[in-house]
Every structure is written in structure tokens, then in C-alpha cells.
Amino acid sequence: IATAAELPRALVLRDSLARAGGLADTPRFRVLVAEHPAEVARLRTRLAGFELLAPDEIGLPGWAHLAFCFTAEEYQAVLLPALLRTLARRGRVVYLAPETQVFAPVAEIERALDEADLVVAPRHAAPLRVDAPMKYDARALADALRQGPFGLGFVAAQGPGSEAALAAWQALAEEHA
């Protein structure tokens, strides 16, 4: 998911994924452009090499209203579960944030999807120690707690087994983003 201004980052991600060997079951590189569908249509005529999706194509009826309710970052967070739901109905989907660069094969993601319908990455590698508050900046600790335990820069999903979790996530995102 990227705004029009962030599309160069998505190109870097696409190229790094191709150099690293890509993902076996995701031959298409898609970008949901968090812009009005007319702008996405204009961009489609100018950019080649990947599929551009518009917010009205991901099964989120209130996309236009939501665009005016949130910052660009919050809007993208609301679009993410709807995008995942739409694409997971067609098969496997791996979401990588546009600022991501891939430097090695990502076979571990494929293996994780062999065992689960929804794969997320933890935001922290170890539990936060609240028994030692002097080790943490109070603002950093508050931000970590507000952001939640999982990072939104990577999510993988597939099929109907992920539907309930993604639907619940979408409802929460629309309500609280």
C-alpha cells in the first residue's frame, strides 16, 4: 500500500524481491495506491511492471469517507486488512510495506503459510520489561504499547482460514485507526 508519492519505494521493493528470488506462489506484484480511483487510473497509463489497485477495488465500501477521516498513514492501516481479505480469497498473499527491501530468498514465508492461514511478525523480539522502567524512555514504551504486538510491515494470509481474523481486524481498524 502506497500513496502516489511513495510509489518509488514500491519499485525498490519490487526490484529487491525479484533479485532475492521472489515468492513462488505470488507471481504478481500488486500495489494498492491510497489515492482516488481516477488518480490510480492515470498512474496505470504511466507505470508498467506491476498491477495498481485502487481503494474502490478491495471491498471496502466506505473507502472515500475513511480517506477524509484519517492521516495518510492511518488510512493505509485501515486499507490493509481489506486488501488482504480481497487477495486472500484468491490464494496466498504476502504484504510487504513499500519501505521494505528484500536481500535474501523468502522461503520461510512459504513454509509458514504451509502451516498457517495467517502469518504476522512480532514488533519486538523479546517481551518489554515493565519491571525495569528506568531502562525505557516513557514515550517509547507508550508508543510500543499503543502500536500493538505485531508490525504491519509484513503480513501473509491465504484462503478462507484467514477470513475471520482479517474481518475482525478490518472492523477494529475502521473503528479505531
Side-chain angles (χ1 to χ4, degrees), residues 1-35 39-40 42-55 57-58 60 67 70-88 90-128 137 139-140 143-159 162 165-166 169-170 173 177:
I1 301 174
T3 63
E6 295 169 334
L7 284 174
R9 290 181 179 177
L11 291 170
V12 171
L13 168 59
R14 180 201 60 191
D15 294 345
S16 72
L17 188 58
R19 279 191 304 275
L23 295 164
D25 290 343
T26 54
R28 292 177 19 195
F29 186 85
R30 299 177 187 110
V31 178
L32 173 59
V33 183
E35 304 284 353
E39 176 64 9
V40 177
R42 188 186 69 76
L43 289 168
R44 283 180 181 137
T45 65
R46 295 183 151 183
L47 298 172
F50 54 94
E51 181 180 346
L52 298 180
L53 301 172
E57 298 173 312
I58 61 166
L60 185 61
F70 301 116
T71 66
E73 184 178 337
E74 292 168 337
Y75 183 50
Q76 291 176 29
V78 171
L79 293 173
L80 179 56
L83 172 66
L84 290 169
R85 286 179 74 192
T86 298
L87 297 178
R90 302 177 197 166
R92 287 184 169 186
V93 58
V94 175
Y95 171 80
L96 297 170
E99 62 271 11
T100 303
Q101 286 191 47
V102 179
F103 296 102
V106 289
E108 197 66 33
I109 296 171
E110 295 289 338
R111 285 192 289 278
L113 280 171
D114 287 340
E115 298 178 18
D117 291 321
L118 184 65
V119 180
V120 296
R123 192 176 296 280
H124 303 282
L128 294 175
D137 174 289
R139 176 186 272 166
D143 285 346
L145 293 172
R146 180 180 47 77
Q147 292 172 350
F150 303 109
L152 298 181
F154 161 78
V155 182
Q158 66 181 344
S162 65
L166 293 173
W169 178 10
Q170 182 176 338

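- Not one N or O on the side chain of E99 forms a donor-acceptor pair closer than 3.5 Å with the backbone of L13.
- Nearest approach of V94 to F154, heavy atoms of both residues: CG1-CE1, 3.9 Å.
- Here the side chains of V155 and L118 are in contact, with some heavy-atom distance below 4.5 Å.
- Taking CG of D114 as the reference point, atom CZ of R92 lies at 4.5 Å (rounded to 0.5 Å).
- Crowding of Q101 atom CD: a count of heavy atoms from other residues, nucleotides or ligands under 6.0 Å exceeding 12.
- Atoms OG1 and CG, on T86 and L32 in that order, are 9.0 Å from each other to the nearest 0.5 Å.
- The two residues A104 and A20 come nearest to each other via the heavy atoms O-CB, 3.4 Å.
- For R30 (side chain) and L53 (main-chain N/O), no donor-acceptor pair under 3.5 Å exists by modelled atom type.
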Report task. Report the C-alpha distance between I109 and V119 in whole Å, list the side-chain angles of each, state the deciding distance to 0.1 Å, and finish with yes or no for side-chain contact (heavy atoms from CB on, under 4.5 Å). Result -> CA-CA 8 Å; I109 296 171; V119 180; over 6 Å; no
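- Here the CD atom belonging to Q170 is positioned 5.5 Å from the CG atom belonging to L60, to the nearest 0.5 angstrom.
- To the nearest 0.5 Å, atom CG of residue L7 and atom CZ of residue R46 are 12.0 Å apart.
- Between D15 and R19 the shortest side-chain heavy-atom distance falls below 4.5 Å.
- Using a 4.5 Å cut-off on side-chain heavy atoms (C-beta onward), V31 and R14 make no contact.
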Query - From CA spacing to verdict: side-chain contact (heavy atoms from CB on, under 4.5 Å), W169, L84 - result: CA-CA 10 Å; W169 178 10; L84 290 169; 3.6 Å; yes
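- Residues F70 and V78 form a side-chain contact, since some pair of their non-hydrogen atoms from C-beta on lies under 4.5 Å apart.
- Under the 4.5 Å side-chain criterion, counting only non-hydrogen atoms from C-beta, L87 is in contact with R90.
- The shortest non-hydrogen separation linking A34 to P55 is CA-CG, 4.4 Å.
- The line from CG of L83 to OH of Y95 is 8.0 Å long, rounded to the nearest 0.5 Å.
- Residues Y75 and T3 have side chains not in contact (no heavy-atom distance under 4.5 Å, counting atoms from C-beta outward).
- In this structure, the side chains of E6 and Q76 come closer than 4.5 Å at one or more pairs of heavy atoms.
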Requested in this report: Go through L17 and T100 one step at a time and tell me if the side-chain contact (heavy atoms from CB on, under 4.5 Å) criterion holds.
Outcome: CA-CA 9 Å; L17 188 58; T100 303; over 6 Å; no
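- For the pair P8 and A4, the tightest heavy-atom approach, listed with the atom from each and the gap, is CD-O, 4.2 Å.
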